[in-house]
There are 2 protein chains.
Amino acid sequence: MNVTEPAHRILSNELRRRIAEGEYRGGLRLPTEAELAGRHDVSRQTVRRAFQDLVAEGIVYRVPGRGTFATESDGRYLRQLGSIEDLMNLSTDTTMEVVSALRRRVDVEAASRLRLETDLVDSVVFRRLHDGVPFVLTTVWLPEHIARHVRDAPELADGAASAHTIIGLLEPHLESPITEAAQSITVAAASAEVAAATGCEPGHPMLRVDRLYSDAQGRAAELAVSYFLPEHYTYRVTLRRGGH
Amino acid sequence: MNVTEPAHRILSNELRRRIAEGEYRGGLRLPTEAELAGRHDVSRQTVRRAFQDLVAEGIVYRVPGRGTFATESDGRYLRQLGSIEDLMNLSTDTTMEVVSALRRRVDVEAASRLRLETDLVDSVVFRRLHDGVPFVLTTVWLPEHIARHVRDAPELADGAASAHTIIGLLEPHLESPITEAAQSITVAAASAEVAAATGCEPGHPMLRVDRLYSDAQGRAAELAVSYFLPEHYTYRVTLRRGGH
DNA sequence: CGTTATTTGTGCGTATGTATT
DNA sequence: AAATACATACGCACAAATAAC
């Protein structure tokens, strides 16, 4: 894998961390480009490159003549999930840890939500960590004809840890690419399993996100139900109109 | 008033247009950095800057040694999800009931999130009902220069009930239309005020949605914080990509 | 199987413009 | 008016991945 992280990435990671820790809360200005360049012994261009990523992620905004500021966000883990690619790229800064390996099960409710004829589905349970801290437990259900492509994937074995997403693992094997993800977001109490995986008390209010991925023909390909710890995670989405 | 567009933006706009027209469909490679630099008589760095935006938007992906390709072998990208229109049309089957009329206040946090110079903002608090049942309490903050257009609107007086949205009331008065709504969604306990307005116990877990509306120039126009009763409301959004 | 050309990635330096304080 | 801070743009060098030979 990667041996040396680029300098601009090292810097953007550090800034991301500091912002997440709340160091620049309350409208506090971030260090200037010149300051960061001097302190980290890199060029101003490299600092700018790091800031460009942070701006694209929406975690800072910049004002000529004034400086750079963190967007207000309670210091939670902030992730822009405004496109299907965003969902797939969740892997770039989080780790997936399999709690219960992918295997066939009978699940009437999941099968019905996937609009299947049978009650047979494959499911896998995993949690995701950011900076070593678990923040979400997800259960994924797959129709049999899709699950068979990844049933032997080492990434989905018990206890496996990797930087993947299910949808990213699936995509190469699908005849028809995923084009739609319908999501519903609500609040639900943590079950014993959710509590154990995310380190909170049973009954703790969680952000519950249900996603149904479908292909261009409208066939359901994956159902995912996630319980996010609200203390460590905020769901973000940007709506646009007028062609962008 | 208007300044000349930066070279990298002119280039990225042209590429966006061409990609949307399907010129690079079917895995066709886009021109190389060197080609574009020569053809447009700009430096390679400027071409790279243009590509960085397209990559951040998820419109293209790049592979070292191979080239740049449009995402979606099959067409243009639709980053459109739930729409701002959906938010504005919330009024069709719900009623807005003003709890606390629009008036000027000092609010450091809201002003900072609206990126204002002063601490002076206008705010209004209202709840929304569906079939006579309250399901959400919303506080809206407006910059002074925007609030003055609606300060005397009867819809925002104390106790007023109507089938409107704030953004719908504002839109006709704005120089520049709202084009973006950045939302963060999390869980929060009901305050006494929220509990009273929605008929639940204080401390009850609520779905908290923060929306920051901005115009095409990126200027913040409205900040709204809503507390939804999860028993009566689920947030839905659909992400799509790839037309036809 | 290595060599070479192509193409993108990283990093630095410099200069100039524009917005804010 | 001057200093500060971000924005744009060009140039160069070298690294790394890929593909063609």
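In the text below, chain A, chain B and the rest are named by the order of the sequence lines, each starting its count at 1. Any value given below was found using the heavy atoms of this structure, including those in side chains, with hydrogens, waters and symmetry copies removed.
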Of the listed nucleotides dG11(C), dT8(C), dC10(D), the one nearest the side chain of Thr68(B): dT8(C)
Residue Val42(A), side-chain atoms from C-beta onward, closest of dC12(C), dA19(D), dA9(D): dC12(C)
Whichever of Ala34(B) and Arg44(A) has its nearest DNA chain C nucleotide further upstream toward 5': Ala34(B)
Donor-acceptor pair, side chain of Arg148(B) and main chain of His145(B), under 3.5 angstrom: yes
Glu35(A) CD - dA5(D) C1' separation (whole Å): 10 Å
Candidate nucleotides dC10(D), dC6(D), dT8(C), ranked by approach to the side chain of Thr32(A) - the nearest: dC6(D)
Interatomic distance, Arg49(B) CZ vs dT8(D) C1' [rounded to whole Å]: 9 Å
Assigned partner base of dT6(C), Watson-Crick or wobble definition, under 3.5 Å: dA17(D)
Distance in angstrom units between Glu33(A) CD and dG13(C) P, rounded: 15 Å
Atom-to-atom span, CZ of Phe51(B) to C1' of dA9(D) - whole angstrom: 17 Å
Residue closer to the 5' end of DNA chain C, Ser43(A) versus Gly65(B) (nearest nucleotide): Gly65(B)
Parallel, tilted or perpendicular: rings of His130(A) and Phe135(A) (30°, 60°): perpendicular
Side-chain N,O (Arg66(B)) to OP1/OP2 (dT6(C)) below 4.0 Å: no
Backbone N/O of Leu142(B) and side chain of Asp122(B): donor-acceptor pair under 3.5 Å: no
Reference residue Ser12(A); test side chain to side chain donor-acceptor pair (under 3.5 Å); the match among Glu14(A), Arg16(A), Arg9(A): Arg16(A)
Donor-acceptor pair under 3.5 Å, Gln45(A) side chain vs dT14(C) base: yes
d(CD, Gln52(B); C1', dG11(C)) in whole Å: 13 Å
Euclidean distance, atom NE2 of residue His40(B) to atom P of dA9(D) [Å, nearest integer]: 13 Å
side-chain N/O Arg48(B) vs dG9(C) OP1/OP2, d < 4.0 Å: yes
Side chains of Phe126(B) and Val140(B) in contact at under 4.5 Å (non-hydrogen atoms): yes
Whole angstrom value for the distance that separates P of dA7(D) from OH of Tyr61(A): 13 Å
Nearest-angstrom distance from the residue atom CZ of Arg62(A) to P of dT8(D): 10 Å
Base dA5(D) to side chain Arg29(A), donor-acceptor N/O within 3.5 Å cut-off: no
Among dC10(D), dT8(C), dT8(D), the nucleotide that comes nearest once only the side chain of His8(B) is considered: dT8(D)
